[in-house]
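As structure tokens, the structure follows; a few thoughts come after it.
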Protein chains: 2
Amino acid sequence: MLQILTLVGDKWTILVIGQLRDRTLRFSELHRVVTGISQRMLTRTLRQLERDGLLTRTVHPSVPPRVEYALTQLGTTLLESATMLAAWAATHRQEIIDRRRRFDGTC
Amino acid sequence: MLQILTLVGDKWTILVIGQLRDRTLRFSELHRVVTGISQRMLTRTLRQLERDGLLTRTVHPSVPPRVEYALTQLGTTLLESATMLAAWAATHRQEIIDRRRRFDGTC
DNA sequence: CTGGATCCCTGAGGATACTG
DNA sequence: CAGTATCCTCAGGGATCCAG
């Protein structure tokens, strides 16, 4: 349970599957659109999500290589929860930052 | 955004506020009911959640000391999303574990 | 273009012992 | 009871270079 929660609560997991909501994306597209992720962590995240059956990895044998990632059925079921969490984070971001400042000030 | 997602996606955050859903809890009660958390991480998690305004920490001056934790309004708004994520994890736990085994087997 | 391999650093996190 | 302090280990994660 803890490891599953670690997986689905991971920020990169949430951001990646959020981007795959309504279209498949290539590696470089994901790298561009998932703000702040390094190449290394994107690779790792994608491998894990593929391993866990949340997305599929399709290699198109061409030059240059073209690899597309798409959500699976299982991945889609996670999408709703993950999206809610991301939305909450976006909504209350400033509020939390302010509270942190206030808290740190009064201590 | 990344730091907020790191906060609300954290496994301990999700489990702790899930336990505070409908009642305030003492430190020792949380330690007992949040499976697998160490005293150290419970303390840290609670401090951070207090700092970020997700829960309140109330010290009752008595012997032995009695400290109670309760969700704030803000914490309650996170509850729904966090609960969904935890429910997803619980529902698909075995499925993911199986997929991992299969994936590791075929490689 | 899509990664894999390597190096390095920091922080997460457990175990244990101690205190008001 | 509710922590704090200390030590130690390991995974997260960036940077860089290399390859098919």
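In what follows, chains carry the letters A, B, and so on, assigned in the order in which the sequence lines appear, proteins first and then strands, with residues in each chain numbered from 1. Since the structure is predicted, the reported quantities are computational estimates derived from the model, not experimental observations.
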**Asked** Just checking, any donor-acceptor pair under 3.5 angstrom between side chains of Arg99(B) and Gln94(B)?
**Response**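 Result is no, nothing qualifies.
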
**Request:** Can you sort out which residues in residues 55-64 of chain B have a heavy atom within less than 4.0 Å of DNA chain C? Ascending by number, please.
**Result:**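 Hits under 4.0 Å, by residue number: none.
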
What residues, two or more places apart in sequence or in another chain, satisfy side-chain hydrogen bond (donor to acceptor under 3.5 Å, both in side chains) together with [X]?
X        : value
Glu29(A) : none
Arg93(B) : none
Arg51(B) : Asp104(A)

**Item:** Any donor-acceptor N/O pair, Thr13(A) side chain to Leu7(A) backbone, under 3.5 Å
**Value:** yes

**Request:** Please round to 10 degrees the angle between the axis of the first five pairs and the axis of the last five pairs in the helix from dC1(C)-dG20(D) to dG20(C)-dC1(D).
**Result:** 50°

**Message:** Could you work out, with side chain to side chain contact (heavy atoms under 4.5 Å, CB included) as the rule, every residue matching Thr91(A), not counting sequence neighbours?
**Reply:** none

Could you pull out every donor-acceptor pair under 3.5 Å between side chains of residues 57-65 of chain B and any protein atom, sequence neighbours left out?
| from | atom 1 | to | atom 2 | distance (Å) |
| --- | --- | --- | --- | --- |
| Arg57(B) | NE | Tyr69(B) | OH | 3.3 |
| His60(B) | ND1 | Arg66(B) | O | 3.4 |
| Ser62(B) | OG | His60(B) | O | 3.3 |
| Ser62(B) | OG | Pro64(B) | O | 3.1 |

**Asked** Which two nucleotides bound the region of DNA chain D that has atoms under 4.0 Å from heavy atoms of chain A, read 5' to 3'?
**Response**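 Using the under 4.0 Å cut-off, the span is dG12(D) to dG20(D).
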
**Fill in**
With sugar-phosphate taken as primed atoms, P, OP1 and OP2 and all else as base, the protein-contact string of nucleotides 8-13 of chain C at under 4.0 Å (heavy atoms; B, S, -) is ----SB

**Request:** Quick one: closest heavy-atom pair of Ala89(A) and Met1(B), and the distance?
**Result:**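 Nearest pair, atom of Ala89(A) first, then Met1(B): CB-CE, 4.0 Å.
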
**Asked** Would you say the side chain of Glu95(A) lies within less than 4.5 Å of the side chain of Asp98(A), judging by non-hydrogen atoms?
**Response** no

**Side-chain heavy atoms of Arg23(B) within contact of Leu25(B), under 4.5 Å** = yes

What donor-acceptor contacts under 3.5 angstrom involve side-chain atoms of residues 70-87 of chain A, with partners at least two apart or in another chain?
| from | atom 1 | to | atom 2 | distance (Å) |
| --- | --- | --- | --- | --- |
| Thr72(A) | OG1 | Gly53(A) | O | 2.6 |
| Thr72(A) | OG1 | Leu54(A) | O | 3.1 |
| Thr72(A) | OG1 | Leu74(A) | N | 3.4 |
| Thr72(A) | OG1 | Gly75(A) | N | 3.1 |
| Thr76(A) | OG1 | Thr72(A) | O | 2.8 |
| Thr77(A) | OG1 | Leu74(A) | O | 2.5 |
| Thr77(A) | OG1 | Trp88(B) | NE1 | 2.8 |
| Thr83(A) | OG1 | Arg21(A) | NH2 | 2.6 |
| Thr83(A) | OG1 | Leu79(A) | O | 2.6 |

**Request:** Using whole Å, report how far CD of Gln39(B) lies from C1' of dT16(C).
**Result:**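 Result: 10 Å.
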
Under 3.5 Å, sequence neighbours excluded: what are the donor-acceptor pairs made by side chains of residues 36-50 of chain A?
| from | atom 1 | to | atom 2 | distance (Å) |
| --- | --- | --- | --- | --- |
| Ser38(A) | OG | Met41(A) | N | 3.2 |
| Thr43(A) | OG1 | Gln39(A) | O | 3.0 |
| Thr45(A) | OG1 | Met41(A) | O | 2.7 |

